[in-house]
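Beneath this line is the structure, given in structure tokens, with notes to follow.
Side chains are part of it too, since the values below use all heavy atoms of this structure and drop only hydrogens, waters and symmetry mates.
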Amino acid sequence: MRTILHVDMDAFYASIEERDHPELKGGPIIVGGQAEHRGVVSAANYVAREFGVHSAMPMKTARQLCPHAHYFPVRMKDYAEVSHCIQNIFRKYTPLVEPLSLDEAFLDVSGSQLLFGSGPDIAVSIKQEIKDSLNLIASVGVAPNKFLAKIASDADKPDGLVIVEPDGIHKFLDPLPISRVWGIGKVAGKRFANLGVQTIAQLRALDAKLLGELFGEQGQHLWELSRGIDDRPVISDRQAKSISRETTFSKDVTDMEVLKTVLIELVEDVARRLRKNELRGKTIHLKIRYDDFSTFTRALTLNHPTDITNEIEETALQLLKNRLPERALSIRLIGVGVTGFDTRPLQQRTLFEEADQHKHSRLDEVRDQIANRFGTESLKRGTRITSDDSDTEAADE
């Protein structure tokens, strides 16, 4: 039986600002871009959330809801350095670490328990080490799989530690609202409400055939999750057959410019991770989930493998612009990924293609050097705004 941990830092960016400004402790703290430049909230501490502020909210709205908050710009260099320290703590206990973003990761500690104790023991040790060395608080879920561990880490925030035993899965899931199941958003929730289904226990009681009729292929997925079934392994970048990143918004996004901005940020992260792991891929994937749970994936295959940000970005934006269904724009999730890895030497191209590739490759090299030294937010395009989301996942498969 596997033992999976999901470690999630509590209000990560805002907690770092509160730690570094102890005189502000107890007050509302909001981190994000500038309101006059269409900036959005990247993080809000729990005090600010009581005023209705949440991540991905326009900063202008946040200032209206909580004008007396202390506002800070994103210091990505500092956050990335703290994240690096946290990742090093994780790897003391297991090499099987799958980062989802700067502030959360899955850990498979199944093979570590002879050295470090049980899963709960390891979770306690990690929480304590993060607190002692970084003066930050983490919440941890311990469970037999990713889905359960992820829900558990969020069940008792802040400073939570929730353990789901293999024989207690139904007891843990049954009273929870169906919104806790991955993929069930507002529209899907209304469908279930019409059936009188509000809890995971009631969802599990539904026939698999009915779920298939309501949600197509996703129906089987919901049937499995309602039973706590999730066989996905913890996979690090170097084991991956694909590298991707996706964002689930806390509020549905209806602005195409916001989607483009977020997509560009996801592309930059994916491309950077490709280069870090010396990988190049030929197929670019776009994933979109609407507010009614409908999920669409689109892909384009290039005639050559690439790790160049500009090439991946142009393809992803082309998919976003031209390949979405003709329907009202109300997006719950957006993601981008690269597959079809090829580590062989690059094939020769035309003179002009070679010159263009060299230019963009050199630009990426310089940007990577700057990001490694000063953080990923130290170099931005003029059209880019600061944004973040309620649930960001880096998926390596």
Side-chain angles (χ1 to χ4, degrees), residues 1-16 19 43 76-164 230 232-240 243-246 269-270 272-274 276-277 371-372 375-376 388 391-397:
M1 177 68 70
R2 291 186 303 167
T3 301
I4 308 298
L5 273 57
H6 181 260
V7 184
D8 192 4
M9 302 303 297
D10 296 331
F12 187 49
Y13 297 178
S15 293
I16 292 175
R19 179 198 67 180
M76 192 57 68
K77 173 177 178 278
D78 300 299
Y79 308 153
E81 288 177 354
V82 174
S83 177
H84 181 70
C85 294
I86 294 170
Q87 300 292 328
N88 286 339
I89 291 174
F90 295 161
R91 289 184 171 86
K92 290 182 181 180
Y93 296 91
T94 176
L96 296 176
V97 177
E98 182 179 337
L100 304 183
S101 59
L102 289 181
D103 62 341
E104 62 175 322
F106 286 116
L107 288 70
D108 188 334
V109 298
S110 306
S112 306
Q113 299 181 65
L114 288 177
L115 284 174
F116 301 108
S118 67
D121 290 339
I122 294 173
V124 169
S125 297
I126 288 174
K127 282 171 59 69
Q128 192 63 49
E129 191 165 350
I130 290 174
K131 184 176 181 179
D132 291 344
S133 62
L134 299 170
N135 194 22
L136 294 171
I137 302 299
S139 291
V140 184
V142 185
N145 60 50
K146 285 181 170 181
F147 169 65
L148 294 170
K150 174 85 169 176
I151 293 181
S153 69
D154 195 46
D156 192 28
K157 277 180 167 286
D159 199 16
L161 173 59
V162 175
I163 301 157
V164 183
D230 179 16
R232 296 173 306 150
V234 172
I235 302 176
S236 65
D237 280 354
R238 289 195 176 275
Q239 299 172 293
I243 288 184
S244 62
R245 177 94 183 269
E246 63 185 37
D269 180 70
V270 167
R272 189 163 47 245
R273 289 164 58 204
L274 286 171
K276 177 182 177 182
N277 290 280
N372 290 335
T376 57
D388 206 343
D391 187 2
T392 304
E393 182 163 342
D396 304 324
E397 300 175 352

Between [X] and [Y] (side chain of the first, backbone of the second, donor and acceptor by atom type, cut-off under 3.5 Å), is there such a pair?
| X | Y | value |
| --- | --- | --- |
| R19 | L134 | yes |
| R91 | L96 | no |
| K131 | I137 | no |
| D121 | S118 | yes |
| S110 | T3 | yes |

Heavy-atom pair of closest approach, residues [X] and [Y]:
| X | Y | value |
| --- | --- | --- |
| V109 | G119 | CG2-CA, 4.3 Å |
| S133 | I89 | OG-CD1, 3.7 Å |
| I4 | P144 | CG1-O, 3.9 Å |
| P99 | Q87 | CG-OE1, 3.7 Å |
| A14 | A43 | N-CB, 4.0 Å |
| F106 | H6 | CE2-CD2, 3.5 Å |

Quick one: are [X] and [Y] in side-chain contact, heavy atoms under 4.5 Å?
| X | Y | value |
| --- | --- | --- |
| D230 | L148 | no |
| I126 | F116 | no |
| S112 | I122 | yes |
| L161 | V124 | yes |
| V164 | V142 | no |

Under the ring pair (Phe, Tyr, Trp, His ring centres under 6.0 Å) test, residues paired with F90 that sit two or more places apart
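Once residues adjacent in sequence are excluded, F90 has no partner under the ring pair (Phe, Tyr, Trp, His ring centres under 6.0 Å) criterion.
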Kindly compute the distance separating [atom1] ([X]) from [atom2] ([Y]), expressed to the nearest 0.5 Å.
| X | Y | atom1 | atom2 | answer |
| --- | --- | --- | --- | --- |
| L136 | I130 | CG | CD1 | 8.0 Å |
| S83 | E104 | OG | CD | 10.5 Å |
| E246 | L100 | CD | CG | 9.5 Å |
| L102 | Y79 | CG | OH | 10.5 Å |
| K146 | R2 | NZ | CZ | 8.0 Å |
| I243 | R273 | CD1 | CZ | 5.5 Å |

Check this for me: does any side-chain nitrogen of one of R245 and D269 sit under 4.0 Å from a carboxylate oxygen of the other?
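Yes, R245 and D269 are salt-bridged.
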Between K150 and D8, is there a salt bridge with N-O shorter than 4.0 Å?
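No, no charged N to carboxylate O under 4.0 Å.
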Which is it for I86 and F12 under the side-chain contact (heavy atoms from CB on, under 4.5 Å) test, yes or no, and what are the steps along the way?
CA-CA 12 Å; I86 294 170; F12 187 49; 3.8 Å; yes
Go through the side-chain N and O atoms of S139 and D10 and say whether any donor and acceptor fall under 3.5 Å apart.
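Note: S139 and D10 side chains meet the donor-acceptor criterion.
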No-hydrogen, no-angle side-chain donor-acceptor test under 3.5 Å, Y93 and Q113:
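Looking only at side-chain atoms, Q113 and Y93 do not form any donor-acceptor pair under 3.5 Å.
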Determine, step by step, whether V7 and K127 satisfy the side-chain contact (heavy atoms from CB on, under 4.5 Å) criterion, reporting the C-alpha distance in whole Å, the side-chain angles of both residues, the deciding distance to 0.1 Å, and the verdict.
CA-CA 9 Å; V7 184; K127 282 171 59 69; over 6 Å; no
